[in-house]
Asker: 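First the structure, then my questions, so here it is.
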Amino acid sequence: MSKKDLQPENNENEQDIAALKRENECLRKYSEKLAQRLEQKIQELTAANEALAHTDQMKSRFINMAAHELRTPLAAVHGYLGVLTSPGNRFVVNADENTVELIDGIVTGIDRLQGLVQDMLDVTRIEAGTLQLKHAPVHLSLILKKIQRDFKDVVAGRQQILIINEVEHVPVMWVDGERVTQILRNLVSNAIKYNPDGGTIEIAAELMRSDDQRTSFVKITVSDTGVGVPKDQQERIFEGFYEVRNIELHSTSKTDFMGSGAGLGLPIARGVAEVHGGSLWVESPGYDPEKCLGSKFHLILPVGEPPTPKS
Ligand code: ADP
C-alpha cells in the first residue's frame, strides 16, 4: 500500500479528532455554565435559608417578649381581682347578681389569658432548649384520678364518657409529674373538644421495654371517637399555631365541640415528652366530621430512675 492510499483516512481521522475536540470544548463550557448556575442557586438558597432562620428567630423573640410583657400586668389584674372578690370584701358583700356574674367573666378571661401567656413561654423555652424538669417519683394512677376529677363536669356536660383503664401494672415513674399532667390534660381536653356530644374518650397504659431490654417505657394512649385528623396533617398539628379551620369561626372554649385554641397545646405536649426522652404522635384513619373515625394519641415516656447520688 502506498502513502497516497493512506492519506484520505488520515484526513478523516484528523477531522474526527477536531470534531471531538470541539464537542469536548462545548461540553466543558456547558458544564462550567451548569456549575456556575448551581453555585448561584446554592447561594440563593443559603440566603433564603438565613432569611427564614432570622424570621423564625424574630418570631420566637417576639412571642417571648410579648409573653413576658403581658405576664406582669396580668398578674397585677389577677391580684386586684383576688382582693376584690375575697370573702367579706365590701364590694362583694354589696354586689348584686349581675355584678358577680360580670366579675366571674373577668376572672375567667384573665385565667385564660394567663394560660395563653404560660403556653407562649413554654413554647419559647422548648424551642430554646431551656425547659427545666423537676423529676420526682410519680404514680400514673394519681395523675389519671386527678384528670378524671378535673374533667368530670365538662364530660358530663357534653354527655360524653371518659374511661380510664386500670394502670396498676405501671411502676412508679421518675418524671416531672406536673408536666406529665399538663400533657395528658391537653390530650384529654382535645379528645373532648374534637368529639361530638355523646362521644367516648379512653385512656390506657402499657409497659414496654427497649430492644436491649434495659429501659422500661410507659405507652399511654388517649383514644377518642371524634372527628379524626387528616392523614396529611398528622405531623403538622405538632408544629405550632396549627389551624385547619377558619380562625374567624373560633370559639376559644377548651371543651366546646370544635372550639379551637391557639394551636400551642400539642407542640408543647410533644416538646415536654421529648425533653423527658419520650415521644408523642397521633394515629387516625382521617378527618370525617360525619363518620367520626376517631384518633389515638400515643405518649411514650421512659419510666426513668432516680439519679444515683454523687460520691
Ligand atoms: P388547639 O388549641 O387548636 O386545640 P392543639 O395544639 O391542641 O391546639 O391541637 C392542634 C390541632 O390538632 C387542633 O386545632 C385540631 O385540628 C387537631 N387535633 C388535636 N387533637 C385532636 C383530636 N383529639 N381529634 C381531632 N383533631 C385534633
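Counting starts at 1 for both ligands and their atoms, in listed order.
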Asker: With a 6.0 Å cut-off (strictly less than), is the heavy-atom count around NZ of K219, excluding the residue itself, greater than 12?
Answerer: yes
Asker: Which atoms from ligand 1 have a heavy atom of G263 less than 4.0 Å away?
Answerer: 1 (P), 2 (O), 3 (O), 6 (O), 8 (O)
Asker: Check each heavy atom of D224 against ligand 1 and say whether those closer than 4.0 Å belong to the side chain, the backbone, both or neither.
Answerer: side chain
Asker: Quick one: does P267 get a heavy atom under 4.0 Å from ligand 1?
Answerer: yes
Asker: Look at K29 together with E32 and state whether they make a salt bridge at an N to O cut-off of under 4.0 Å.
Answerer: no
Asker: Output yes when the distance from some N or O of ligand 1 to some N or O of F297 is under 3.5 Å, and no in every other case.
Answerer: no
Asker: For K193, state whether at least one heavy atom is located under 4.0 Å from any atom of ligand 1.
Answerer: yes
Asker: Any N or O on V227 sitting closer than 3.5 Å to an N or O of ligand 1?
Answerer: no
Asker: Is there a donor-acceptor contact under 3.5 Å from the side chain of H54 to the main chain of E50?
Answerer: no
Asker: Should the pair W281 and H298 be assigned to parallel (<30°), tilted (30 to 60°) or perpendicular (>60°) ring geometry?
Answerer: tilted
Asker: Taking only Lys NZ, Arg NE, NH1 and NH2, and the carboxylate oxygens of Asp or Glu, determine whether R28 and E25 approach each other closer than 4.0 Å.
Answerer: yes
Asker: Tell me whether G228 reaches ligand 1 (any heavy atom closer than 4.0 angstrom to a ligand atom).
Answerer: yes
Asker: Once rounded to the nearest 0.5 Å, what's the spacing between atom CG of L20 and atom CG of N13?
Answerer: 10.5 Å
